[in-house]
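Notes follow once the structure below has been shown.
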Amino acid sequence: MNTAVLPGAAGTFEPAPPPQAPSIESQTPSTPDAAAAPGARPGIRPMSPEDRKRARNRQIALTLIAPLAGACLLLALWTLASDKSAQFPSPLATWKSAQQVFAHPFYDNGPNDVGIGWNLLASLKRVAYGFGLAAALGIPLGFAIGRMRFLNHMLGPIISLLRPVSPLAWLPIGLYVFSSAPAAAIWTIFICSIWPMMINTAIGVQRVPQDYLNVARVLNLSTWKVFTKILLPSVMPYMMTGVRLSVSTAWLVIVAAEMLTGGTGIGFWLWNEWNNLNMAHIVIAILVIGVTGMVLEALLMLLARRFSYDQTH
């Protein structure tokens, strides 16, 4: 479910009414046979074997052929770019270099010479800390903002002021306050990933149908029952959208922060390979960052489906 994460002009999170989708019953029948069929709904024609075959072929094309075509296009553009520049590695040269990099991903030869596996784990650890702190504060605060109009109007302008700030603009403050590069990176992740969760959760709370709350008031349900049986199921899709946006933001921020702070991490490893003018390793780092982001996104999609609530139940 897509949600709007931008606050309103006055700094509050006022949801817009969802668009009304045209009903199937209001459409005219496409064929006379479908309209004249006894017991058939108007405008719906039963699928023939040919229709089912075409639908199956379209599904195969979307799930298999389309991604393969995109990968081939990327490889073609990559090969063309390597042919135009002697310094840019070709896909084959990058593959050979990746075999060497991933042959021993967890070697440790000192503080500034560790394998790509240790660097990736260090980045994921910082993301987990920063994102976990942001979720622990942002989600409850989003519920409070959505439920309390005074808190909404009080914090709305502050959120509107701080949310557009560039992530790296928060890094010097973290370095000054914590006097530690890893802590400053975690702080930067926290302050940049808290906004999507907070805003989407607040919008989800505000879009809970008032009829649900009226029924809860009539039944004299406790606050805990209202939260677990009404608010949480209704807000969950919005909240999970905020979580996905926050994880994407956190993963983007940590790479940039590590490039500036140094130490260990996939961002530092990428910048160090640039200093060594090893373009093949730079491409490998970019692919590792992209694949890791895809995996995080896929895991959150599975989690969102696990906690989704079907309105028909």
Side-chain angles (χ1 to χ4, degrees), residues 2-8 11 13 116 119-142 145 155-203 238-275 282 285-301:
N2 296 327
T3 62
V5 298
L6 293 178
F13 313 115
I116 190 173
N119 286 287
L120 183 60
L121 289 178
S123 298
L124 290 173
K125 183 179 179 181
R126 296 186 186 115
V127 168
Y129 284 150
F131 173 78
L133 292 173
L137 179 62
I139 292 176
L141 193 56
I145 292 174
L155 297 182
I158 299 176
I159 296 174
S160 299
L161 173 67
L162 298 181
R163 188 175 60 87
V165 176
S166 173
L168 295 183
W170 298 102
L171 185 61
I173 296 179
L175 291 172
Y176 176 79
V177 172
F178 300 104
S179 301
S180 170
I186 294 173
W187 150 258
T188 306
I189 293 171
F190 163 79
I191 198 65
C192 294
S193 59
I194 192 174
W195 312 123
M197 285 185 287
M198 185 188 304
I199 294 174
N200 278 272
T201 302
I203 293 176
Y238 296 87
M239 188 173 66
M240 291 307 302
T241 299
V243 168
R244 289 172 52 198
L245 293 173
S246 295
V247 166
S248 300
T249 301
W251 188 238
L252 289 172
V253 169
I254 189 59
V255 174
E258 288 172 348
M259 292 175 68
L260 297 178
T261 58
T264 57
I266 192 65
F268 169 73
W269 190 81
L270 188 153
W271 191 252
N272 189 52
E273 295 305 320
W274 162 249
N275 293 330
I282 292 175
I286 292 174
L287 294 176
V288 169
I289 293 169
V291 170
T292 305
M294 289 176 57
V295 171
L296 292 176
E297 178 77 8
L299 291 176
L300 288 174
M301 289 291 292

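Keep in mind that this is a model prediction, so the values were computed, not measured.
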Hey, could you give me the CE/CD1 distance between Met239 and Ile139, rounded to the nearest 0.5 Å? 5.0 Å
Apply the side-chain contact (heavy atoms from CB on, under 4.5 Å) test between Thr292 and each candidate in Val288, Ile289, Val295; give the one that qualifies. Val288
Which heavy-atom pair separates Pro164 from Ile159 by the least distance, and what is that distance? CD-O, 4.4 Å
Got a donor-acceptor contact below 3.5 angstrom from the Ser123 side chain to the Ile266 backbone? yes
If we ignore hydrogens and angles and just use 3.5 Å, is the side chain of Asn272 paired with the main-chain N or O of Phe268 as donor and acceptor? no
Distance from Glu297 atom CD to Met301 atom CE, nearest 0.5 Å? 6.5 Å
pair Phe190-Leu137: side-chain heavy atoms closer than 4.5 Å: yes
Nearest-0.5 Å distance that lies between atom CH2 in Trp195 and atom OG1 in Thr249: 12.5 Å
Heavy-atom pair with the smallest gap, counting every atom of Leu168 and Ala256: CD2-CB, 3.8 Å
Measure from the side-chain N and O atoms of Trp187 to the backbone N and O of Ile173, and report whether any donor-acceptor pair falls under 3.5 Å. no
Ile199 versus Arg163: any side-chain heavy-atom pair under 4.5 Å? yes
Between Leu141 and Leu155, is the side chain to side chain contact (heavy atoms under 4.5 Å, CB included) condition met? List the steps. CA-CA 10 Å; Leu141 193 56; Leu155 297 182; 4.2 Å; yes
Search all heavy atoms of Leu175 against all heavy atoms of Ser180 and return the closest pair with its distance. CD2-O, 4.1 Å
So which heavy atom on Pro167 is nearest to which on Val253, and how close? CB-CG2, 3.5 Å
Smallest heavy-atom separation, Ala185 atom then Leu171 atom, equals N-CD1, 4.3 Å
More than 12 heavy atoms from other groups under 6.0 Å of CH2 on Trp251: yes
Do the non-hydrogen side-chain atoms of Ile254 and Phe131 ever get within less than 4.5 Å of each other? no
Atom of Gly265, atom of Asn119 and distance for their closest heavy-atom approach: N-OD1, 3.0 Å
Partners meeting ring-ring contact (aromatic ring centres under 6.0 Å, His included) with Trp269 (sequence neighbours left out): His281
Determine whether Arg126 and Thr264 make a side-chain contact, defined as any pair of heavy atoms from C-beta on separated by less than 4.5 Å. yes
Among all residues two or more places apart in sequence or in another chain, which pass the side chain to side chain contact (heavy atoms under 4.5 Å, CB included) test with Ile286? Leu270, Ile282
Within the structure provided, determine whether Ile191 and Val165 are in side-chain contact (heavy-atom separation under 4.5 Å). no
Do side-chain atoms of Ser246 reach the backbone of Ser193 as a donor and acceptor pair under 3.5 angstrom? yes
